Amino acid sequence: MGRSVIKKPERVFARDEEWAALVEFATSPANELRLGIVSGRRRQGKTFLLQDLAEAVGGFHFVAVEATERDALRQYGIALAAHLEVGGQLTFANWDEAIGYTLDRCADRVVIIDEFPYLIRSSPSLPSILQREVDARGEGRGRGRLLLCGSAMSVMGGLLGGQAPLRGRASLELVVQPFDYRTAARFWNLGDPRLAVLVHAIVGGTPAYRKRFVDDDSPSSLEAFDDWVVRRVLSGRAPLLREARYLLSNESDVRDEALYHAVLGAIAAGNNRRGNIASYMERKSTDIAHPLAVLEDCRLIQRQDDALNKGKPHFRIVEPLITFYESVIRPSWTRLELGHAAETWRDSRSRFLSQVVGPHFESLCREFAMRAEASTFGGFAGEVSAGTVARSIEIDVVVLSPSYANEKRRLLSLGECKWGEVMDPGHLARLRDARDLIHMKGYDTRDTVLACYSGAGFDERLRQEARRDPRVLLVDLDRLYG
């Protein structure tokens, strides 16, 4: 199985880098068994990619389900027999026997075990069995390629960490992420950037939500957005209505779902620091340390340091649908189950704009800054986050250069975001005050770009200042999606 170029199937939207990485792994000429790990939250299209890879290279693809060890082995034997065309069913006494037989018979093929965490749940020794096989099948023992895939992020993340049996043995570690906001807009066929922000604030960049959950039904215009939300998101018949609950319940490390929803609800309400979250829940900070850690391991929340105050992290929800659920759906669950979707949306729309769209717009602006060309801020970003100056001035977008030893760190940009407010020179003055305070903390602020990000536009006075000063940057929705 020599290295070759295998064209990505036309039905796969985007995912060029992911496909290239999988093909490179599958066709590597190395004459030994190689292990790869593929992970990502549910609905990102991992199985879709792996099915196409298996078809392209003639590999074996097995998708596990929740089952006892004996039942899982039976299902595995049936699938492997069909792939090898040996007729009937292969019977294995244990996974030791099943894995050894598979790798012997598929010594020059790709073997994909999908939803691997389901197998570990009933067979905890399976990673150790795989470790032994990877170690034993070294140089000259065939060009087999073994891919393990799963959606339980805490489990998949632990496969290669700490003292795990498979640590240091993977040649590929691929995380299939949601589409970025620009790719998502193309995927949903949304040409209006304002509409694209509103849709992304609900469904994010998860591909399956368009295909399987709303049946390719995208809102055709801003005027059609409200009806789309009622029909496709809040209706009692809409799969998206309950999806956020399933995202949480699918994680094996989550025990007390009510507690975890309370933590997520506190963050969705704007409490993004540990102490604020605990106060909102009327609990001690120590009570929520474990739930925060589990949610972070599951990749449902992300912890980020305050860009200007290290050691004072803030938390944000990674999946937009969870924020929408905690802010709009969960408080009105009974009404929605009774069929009052239109009335609920009418009463919740202002909360959606303030608690969901506003913070989400800020996260899109930070993503814009992180991906910006070097010419935008006079250098590539090393770190992008929110930050606090002098305890009272909160900055939405702080862009810092990479950190180098014995060099003063450059403050590339400070940015303020306003979704529904026309920005004026007052916003710029606030950024200038913050820049001067940050300069006193030892940062290089000589070329700092002051950026105003707005979903509503800029008044003429601010536009004039931007024309006069090249270090003033105005980012409207067209540029955000440019």
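As the structure is a prediction and not an experimental result, all values here were calculated from the model. All heavy atoms count here, side chains included; hydrogens, waters and symmetry mates do not.
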* Asked: Is it true that a side-chain atom of D396 and a backbone atom of C417 form a donor plus acceptor pair closer than 3.5 Å?
  -> yes

* **Cation-pi geometry met for R273 and F315 (6.0 Å, 45°)** => no

* Which residues pass the ring pair (Phe, Tyr, Trp, His ring centres under 6.0 Å) test with H61, sequence neighbours left out? -> none

* To do: Inspect the contact between R231 and D217 and indicate whether a charged nitrogen and a carboxylate oxygen are less than 4.0 angstrom apart.
  => yes

* Asked: Using 30° and 60° as the class limits, which term best fits the ring planes of Y325 and H261: parallel, tilted or perpendicular?
  -> tilted

* For F458 and R463, work out which heavy atoms get closest and say how close. => O-NE, 3.3 Å

* Please walk me through it: do N189 and S218 pass side chain to side chain donor-acceptor pair (under 3.5 Å)? -> CA-CA 7 Å; N189 196 27; S218 302; over 6 Å; no

* To do: Assess whether ring-ring contact (aromatic ring centres under 6.0 Å, His included) is satisfied between Y453 and F361, documenting all intermediate values.
  => CA-CA 9 Å; Y453 303 84; F361 178 61; 7.4 Å; no

* Could you name each residue pair satisfying side-chain hydrogen bond (donor to acceptor under 3.5 Å, both in side chains) that touches residues 421-432, not counting sequence neighbours? => E416-R430, E421-H427, D424-H427, R432-E465

* Structure fact -> The reported gap from CG in L295 to CD1 in I267 (rounded to nearest 0.5 angstrom) is 7.0 Å

* **All ring pair (Phe, Tyr, Trp, His ring centres under 6.0 Å) counterparts of Y260, not counting sequence neighbours** => none

* Separation of I438 CD1 from M440 CE (nearest 0.5 Å) -> 11.5 Å

* For E223 and S221, what are the C-alpha separation, side-chain angles and deciding distance, and is it a side chain to side chain donor-acceptor pair (under 3.5 Å)? -> CA-CA 5 Å; E223 293 72 25; S221 65; 3.3 Å; yes

* To do: Heavy atoms only: give me the nearest L49-E18 pair and the separation to one decimal.
  => CD1-CB, 4.1 Å

* Asked: Side-chain donor-acceptor pair under 3.5 Å between D71 and T68, yes or no?
  -> no

* So, N272 side chain and H314 main chain: donor-acceptor pair closer than 3.5 Å or not? -> no

* To do: Taking all non-hydrogen atoms of both residues into account, name the closest pair between E115 and V63 and its distance.
  => CG-CG1, 4.2 Å

* So, the side chain of D447 versus the backbone of V449: is there a donor-acceptor pair under 3.5 Å, distance only? -> no

* **Qualifying residues under side chain to side chain contact (heavy atoms under 4.5 Å, CB included), relative to S39, sequence neighbours excluded** => M153, M156, V175

* Asked: Between M281 and I277, is any pair of side-chain heavy atoms under 4.5 Å apart?
  -> yes

* Asked: Measuring from S151:OG to R42:CZ, what's the distance to the nearest 0.5 Å?
  -> 4.5 Å

* **Atom pair SG (C452) and CG (D476), whose distance is rounded to the nearest 0.5 Å** => 12.0 Å

* With a 6.0 Å cut-off on ring centres, are Y76 and W95 close enough? -> yes

* Dump the intermediate steps for ring-ring contact (aromatic ring centres under 6.0 Å, His included) on Y181 and Y481, then the final yes or no. => CA-CA 8 Å; Y181 67 92; Y481 276 84; 5.0 Å; yes

* **Whether R316 side chain and H360 backbone form a donor-acceptor pair below 3.5 Å** => no

* **Distance-minimising heavy-atom pair for Y280 and A269** => OH-CB, 3.7 Å

* What's the shortest heavy-atom distance between P320 and G204, and which atoms? -> CG-CA, 3.6 Å

* Provide the closest heavy-atom pair for L190 versus P219 in the form atom of the first, atom of the second, distance. => CD2-O, 3.6 Å

* Asked: A342: what forms a side chain to side chain contact (heavy atoms under 4.5 Å, CB included) with it, not counting sequence neighbours?
  -> V230

* **Side-chain donor or acceptor of T183 paired with backbone N/O of F179 under 3.5 Å** => no

* Asked: Would you say the side-chain atoms of R299 pair up with the backbone N or O of S154, donor to acceptor, closer than 3.5 Å?
  -> no

* To do: Kindly assign one of parallel, tilted or perpendicular to the pair F324 and W345, based on the angle between their ring planes and the thresholds 30° and 60°.
  => tilted

* Asked: Which residues satisfy the ring pair (Phe, Tyr, Trp, His ring centres under 6.0 Å) test with Y246, sequence neighbours excluded?
  -> none

* To do: Would you check if the side chain of D305 reaches a backbone N or O of A307 as a donor-acceptor pair within less than 3.5 Å?
  => no

* Keeping the roles fixed (side chain from K46, backbone from G40), state whether a donor-acceptor pair exists under 3.5 Å. => yes

* Asked: Only one of E243, K211, Q44 forms a side chain to side chain donor-acceptor pair (under 3.5 Å) with T206, so which one is it?
  -> Q44

* Modelled atom types, side-chain donor and acceptor of E394 and T388, under 3.5 Å -> no

